[in-house]
2 protein chains.
Amino acid sequence: MNRMKTPRPLTNLELALLGLIQQEPRAGYDLCKIFETTPMGHYSSSPGAIYPALKRLENRELLAGTVERAGSMRPRRVYSLTPSGLEELEAWASQAVTHEDLVWRSEELILRFSFMGQLVDRSIICRFLREVADGIDALLLGLEAHHGTMLDSRLPPGVLPTGRLALELGMESYQGLARWARRALAELADVELDDKG
Amino acid sequence: MNRMKTPRPLTNLELALLGLIQQEPRAGYDLCKIFETTPMGHYSSSPGAIYPALKRLENRELLAGTVERAGSMRPRRVYSLTPSGLEELEAWASQAVTHEDLVWRSEELILRFSFMGQLVDRSIICRFLREVADGIDALLLGLEAHHGTMLDSRLPPGVLPTGRLALELGMESYQGLARWARRALAELADVELDDKG
DNA sequence: AAAGGCATGTAAGGTGTTACATGATTGT
DNA sequence: ACAATCATGTAACACCTTACATGCCTTT
């Protein structure tokens, strides 16, 4: 029987690194630059996090590093995905969207979507978008209940209802995400028509 | 000269705890329940984070704990804000909104707003909302530049533009936040009229 | 008597943050 | 010669996550 310790799940940073390296082989410094200069930088920060993460991924054999400028004191390590690294990424991209993903890991969800185009085919991307949209509809029911209790509760005079307004922002963010998902779904259907035309 | 080590900034969890305890004195267990059962739970997780955070805040003398059921093996510690705790909270709530806050600490920003009603007066709340709305307008200029480059870059045939769509989601989220801020501003102006009426 | 909620905590482990260190290469 | 950029890393520290431990009190 295939019995091995289940490895801890990958962090957002590790997933971002795998996705970027799948686009093309890259060195640590290249990745630092991407995080510094693009909105992808939302998922990282600094060499102090990136280099250790690359080493972890190499230890897990999801990445393989080949050394350029060998013999020099400052070699440049260029990483590529290993077959099992690609497998891991594709499995990640193909997962179903859970309630927990939407509530606790929405950033990972967006990261996942942004790499899906390179990793999986249209049917899986569309399923992802439908699951996001439908999952949010379910979430909103719970939030509306809380919103109702906040509308009922009376505040001391002079205290402005910022707590309620903050909750409304949360609800609107979810609604915006659902609208985006449905619009993206429609756009991807158009792309399909373009391909045929 | 008043020379003391600048203390590290408070974490989101610590700020949430201070804000909740300012509403009324609470024990660790009460706080756990709030995080488990309300959307405030977004900011925490588990006793394993909450109890150490309470202890840290007590060491800093931002909280003071009084022991109920003393002598028992399982005492109940009820925490209240100290004067300097209240000072710290109010200073936090009164800060100007920076570019960095919007890009890197948007969750803290929402937390801040949700407690502002209890902590500061209308003028500061309205300034906060204006700074959020205007700050986002500036941010969006940079994101639109990136969006332009993504529209120009050609993808390999068959690869769907999920990266671009993800960026569009990010931009729409910011736009939604700005719209919310302006709407909240209008609503708070109405409350002012109600008070006078 | 057992189960479940009240109530507080500790321990191990891993990750991110910040700051620092090092040296090579390229441009002026 | 000097500065900036390329390029990789380490060390200290603090925090969160998960899992576990403990014992009281109330209900069934």
Side-chain angles (χ1 to χ4, degrees), chain A residues 5-18 21 25-37 41-60 63 65-79 100 103-105 107-108 111, chain B residues 5-17 21 25-37 41-60 63 65-79 100 103-105 107-108:
Chain A
K5 252 197 322 191
T6 343
R8 329 161 271 92
L10 297 168
T11 66
N12 284 351
L13 173 56
E14 289 167 337
L15 292 163
L17 292 171
L18 289 177
I21 290 168
R26 298 183 199 264
Y29 188 79
D30 303 331
L31 294 159
C32 287
K33 280 291 149 234
I34 292 173
F35 288 121
E36 271 171 32
T37 60
H42 189 69
Y43 294 96
S44 178
S45 44
S46 65
I50 291 169
Y51 285 99
L54 288 170
K55 190 160 282 183
R56 288 198 298 275
L57 293 169
E58 201 176 14
N59 291 338
R60 280 195 182 200
L63 290 183
T66 62
V67 181
E68 285 180 6
R69 280 214 289 284
S72 157
M73 294 242 55
R74 286 283 124 176
R76 175 185 155 91
R77 296 189 153 277
V78 178
Y79 291 98
E100 273 69 40
V103 175
W104 297 106
R105 291 185 290 272
E107 295 200 342
E108 186 197 312
L111 187 63
Chain B
K5 250 198 324 192
T6 343
R8 332 160 269 94
L10 297 167
T11 66
N12 284 351
L13 174 54
E14 288 167 338
L15 292 163
L17 292 171
I21 290 169
R26 299 183 199 264
Y29 189 79
D30 304 330
L31 295 158
C32 288
K33 282 288 149 239
I34 291 173
F35 288 121
E36 271 171 32
T37 60
H42 189 69
Y43 295 95
S44 176
S45 44
S46 66
I50 292 169
Y51 285 100
L54 288 171
K55 190 161 286 183
R56 286 197 299 274
L57 293 169
E58 202 177 13
N59 290 339
R60 281 197 184 200
L63 291 183
T66 62
V67 182
E68 286 179 6
R69 280 214 290 284
S72 158
M73 295 241 55
R74 286 286 123 177
R76 176 185 156 92
R77 294 188 157 278
V78 179
Y79 291 98
E100 273 67 41
V103 175
W104 296 105
R105 291 185 290 271
E107 295 200 341
E108 186 197 312

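When reading the values below, keep in mind they use all heavy atoms of this one structure, side chains included, and skip hydrogens, waters and symmetry mates. First the proteins, then the strands, lettered A, B, ... as listed; each starts at 1.
Within 4.0 Å of Gly28(B), counting heavy atoms only, lie sugar-phosphate atoms of the nucleic acid but no base atom. When heavy atoms are screened at a 4.0 angstrom cut-off, Ser46(B) is found touching base atoms of the nucleic acid.
If you take CD of Glu58(A) and C1' of dG9(D), they are 14 Å apart, rounded to a whole angstrom. Whole-Å rounding puts the Lys33(B) NZ to dG5(C) P distance at 9 Å. Computed from coordinates, the Leu10(B) CG to dC15(D) C1' distance equals 13 Å when rounded to whole Å. Between the CG atom of Leu15(A) and the C1' atom of dG16(C) there is a distance of 15 Å, rounded to whole Å. Leu31(B) has its CG atom 15 Å from the C1' atom of dG9(C), to the nearest Å. dA14(D) atom P lies 15 Å from atom CG of Leu57(B), rounded to whole Å. Rounding to whole angstrom units, CZ of residue Phe35(A) and C1' of dA7(D) are separated by 16 Å. In this structure, Arg76(A) atom CZ and dT25(C) atom P are separated by 13 Å, rounded to whole Å.
OP1 or OP2 of dG9(C) lies within a sub-4.0 Å distance of a side-chain N or O belonging to Arg77(B). In terms of phosphate contacts, Lys55(B) brings a side-chain nitrogen or oxygen within less than 4.0 Å of OP1 or OP2 of dT10(C). The side chain of Thr11(A) contributes an N or O atom lying less than 4.0 Å from OP1 or OP2 of dG16(C). Dashed line: the shortest gap from a side-chain N or O of Ser45(B) to OP1 or OP2 of dT17(D) is under 4.0 Å. Between Arg56(A) and dG16(C), a side-chain N or O to OP1/OP2 separation shorter than 4.0 Å is present. The shortest distance between the side-chain N/O atoms of Arg8(A) and the OP1/OP2 oxygens of dT15(C) is below 4.0 Å.
Using modelled atom types, one side-chain atom of Tyr43(A) and one backbone atom of Glu107(A) make a donor-acceptor pair closer than 3.5 Å. Checking side-chain atoms of Glu14(A) against main-chain N and O of Thr11(A) turns up a donor-acceptor pair under 3.5 Å. No side-chain donor-acceptor contact under 3.5 Å links Tyr79(B) to the backbone of Lys55(B).
Within the 4.5 Å cutoff, the side chain of Phe35(B) has no heavy atoms near those of the Ser46(B) side chain.
Ranking dC15(D), dG9(C), dG9(D) by closeness to the Pro47(A) side chain, first place goes to dG9(D). Nearest to the side-chain atoms of Tyr29(B) among the listed nucleotides dT8(C), dT17(D), dT18(C) stands dT8(C). Proximity note for Pro52(A) (side chain, C-beta onward) versus dT10(D), dT8(D), dA7(C): the nearest is dT10(D).
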Verify side chain to side chain contact (heavy atoms under 4.5 Å, CB included) between Arg105(A) and Asn12(A), making sure each step is shown before the conclusion.
-> CA-CA 9 Å; Arg105(A) 291 185 290 272; Asn12(A) 284 351; over 6 Å; no

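If you find the closest nucleotide of DNA chain D to Ala49(B) and to Ala27(A), the one lying nearer the 5' end belongs to Ala27(A).
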